[in-house]
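What you see below is based on every heavy atom in this structure, not just the backbone, and it leaves out hydrogens, waters and symmetry mates.
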There are 2 protein chains.
Amino acid sequence: MHDSPTAESRPSWRSTRQRNAVLRALGDRPDFTSARELHAALAAAGPTAGLTTVYRTLQTLEQRGFVDVVRDRSGERLYRLRPTDGHRHYLVCRQCGLSLPLESDAVERWTEAVAAATGFAELEHTVELTGLCEDCRSGTERPAPNR
Amino acid sequence: MHDSPTAESRPSWRSTRQRNAVLRALGDRPDFTSARELHAALAAAGPTAGLTTVYRTLQTLEQRGFVDVVRDRSGERLYRLRPTDGHRHYLVCRQCGLSLPLESDAVERWTEAVAAATGFAELEHTVELTGLCEDCRSGTERPAPNR
DNA sequence: TTCGTTGCAAAAGGTTTGCATACCA
DNA sequence: TGGTATGCAAACCTTTTGCAACGAA
């Protein structure tokens, strides 16, 4: 997860069929999704959008703070609509992709303490937690986009 | 930073001119370095090693737990020899690359608590802190590999 | 002699960019 | 109408892989 202190919002947002489709697709998925997966979902659902457009839309949404982004083990970027109350950290299941927003006050406090102790400023932090959820361990997996 | 519970060490390590050169180059650099930079450093220093070999050597070192790895903002992997006392987290300056090993007990405890609370197992965590060091802020920058 | 290692070239894979066209406001 | 947004193809970049030649043990 990546925290940027400022969430820009300069250029105006022009509403288009493609952008709306991307937003809808994002909303349909409770967990982190790759650009590729979103693109495929759109293609399946009817009104398509080019892969380039998906990338550009996600890029814009990221800049505006509307989506959270993580990287999976291969380095691929995964996106998820940010909950209305702003930024959070997540615990993601490596098997099925289930993602849980986390209380992360402890981490936030830690980074502040580190900043104070080291003299560094403008700290940004990336905190990603992955594991195996109970269902996956017990064999009771969900449909499993297994990543 | 990426924590893997087990640090493998199966196949034997055959000492070669190229591997030694990579290790020496890694040792020369106190901060995180990309495969590309290492390769360039080797080329400049005389006994070269192919870029492929650099990658494969780093891969092996990573598996054995001899190097720590972070990803920069572009997703590129950066390597650094691991201090003798095992794994740590780092605070890295976005401007000059200066990296400080951190006391991260607070984070380790937090991940344990999260595991206990959520029922997730085999937790792995990535924690990366970046910021601007004092020198860079004051304009007293070091030579600056500015990434 | 053996089998791990090297290195070149090519592949892979995700993400970005150039540019002409389409379209929202 | 003016300025964005779109989309295709191609470019980019880092990292990986195929494979024949090499070299440490």
* May I ask you to say whether D68(B) pairs ionically with R82(B), meaning some side-chain N is under 4.0 Å from a carboxylate O? => yes
* Asked: Within less than 4.0 Å of OP1 or OP2 of dT6(C), is there a side-chain N or O belonging to T16(B)?
  -> yes
* For dC3(C), take OP1 and OP2 only and decide whether either is under 4.0 Å from a side-chain N or O of R14(B). => no
* **Q18(A) vs dA5(D): side-chain N/O to OP1/OP2 distance below 4.0 Å** => no
* Separation of atom CG in D72(A) from atom P in dG14(C), rounded to whole Å -> 9 Å
* Asked: Does dT15(C) have OP1 or OP2 sitting under 4.0 Å from an N or O in the side chain of Y55(A)?
  -> yes
* What's the CG-C1' distance between L51(A) and dA5(D), to the nearest Å? -> 15 Å
* Asked: Hey, would you say the H89(A) and H125(A) ring centroids sit under 6.0 Å apart?
  -> yes
* Using a heavy-atom cut-off of under 4.0 Å over every strand shown, decide if S15(A) touches base, sugar-phosphate, or nothing. => sugar-phosphate
* May I have the distance from E62(A) (atom CD) to dT15(C) (atom C1'), rounded to whole angstrom? => 12 Å
* To do: Using a cut-off of strictly less than 4.0 Å, decide whether R19(B) has a side-chain nitrogen or oxygen near OP1 or OP2 of dT6(C).
  => yes
* OP1 or OP2 of dC13(D) under 4.0 Å from side-chain N/O of R36(B) -> no
* Could you state the CZ-C1' distance from R77(A) to dG13(C), rounded to the nearest angstrom? -> 15 Å
* What integer distance in Å separates L78(A):CG from dT15(C):P? -> 8 Å
* May I have the distance from E37(A) (atom CD) to dG13(C) (atom P), rounded to whole angstrom? => 15 Å
* Structure fact -> Between CZ of R17(A) and C1' of dA25(C) the distance, given in whole Å, is 18 Å
* Asked: Taking it one step at a time, do E122(A) and R137(B) satisfy salt bridge (Lys or Arg N to Asp or Glu O under 4.0 Å)?
  -> CA-CA 10 Å; E122(A) 295 182 39; R137(B) 277 187 294 142; over 6 Å; no
* Tell me whether the OP1 or OP2 atom of dT16(D) has a side-chain N or O from Q59(B) closer than 4.0 Å. => yes
* To do: Round to the nearest Å and state the distance from H39(A) atom NE2 to dT16(C) atom C1'.
  => 15 Å
* Asked: In terms of the nearest nucleotide of DNA chain D, which residue is placed more toward the 5' end: T53(A) or G75(B)?
  -> T53(A)
* Asked: Any sub-3.5 Å donor-acceptor pair from T57(A)'s side-chain atoms to T53(A)'s backbone N or O?
  -> yes
* Asked: Is there a donor and acceptor pair, one atom on the side chain of R56(A) and one on the base of dG7(D), closer than 3.5 Å?
  -> yes
* Which residue, A49(A) or T52(B), contacts DNA chain D at a nucleotide closer to its 5' end, judged by nearest heavy atom? -> A49(A)
* Kindly give the heavy-atom pair with the smallest separation between L51(B) and A35(B), and that separation in Å. => CD1-O, 4.1 Å
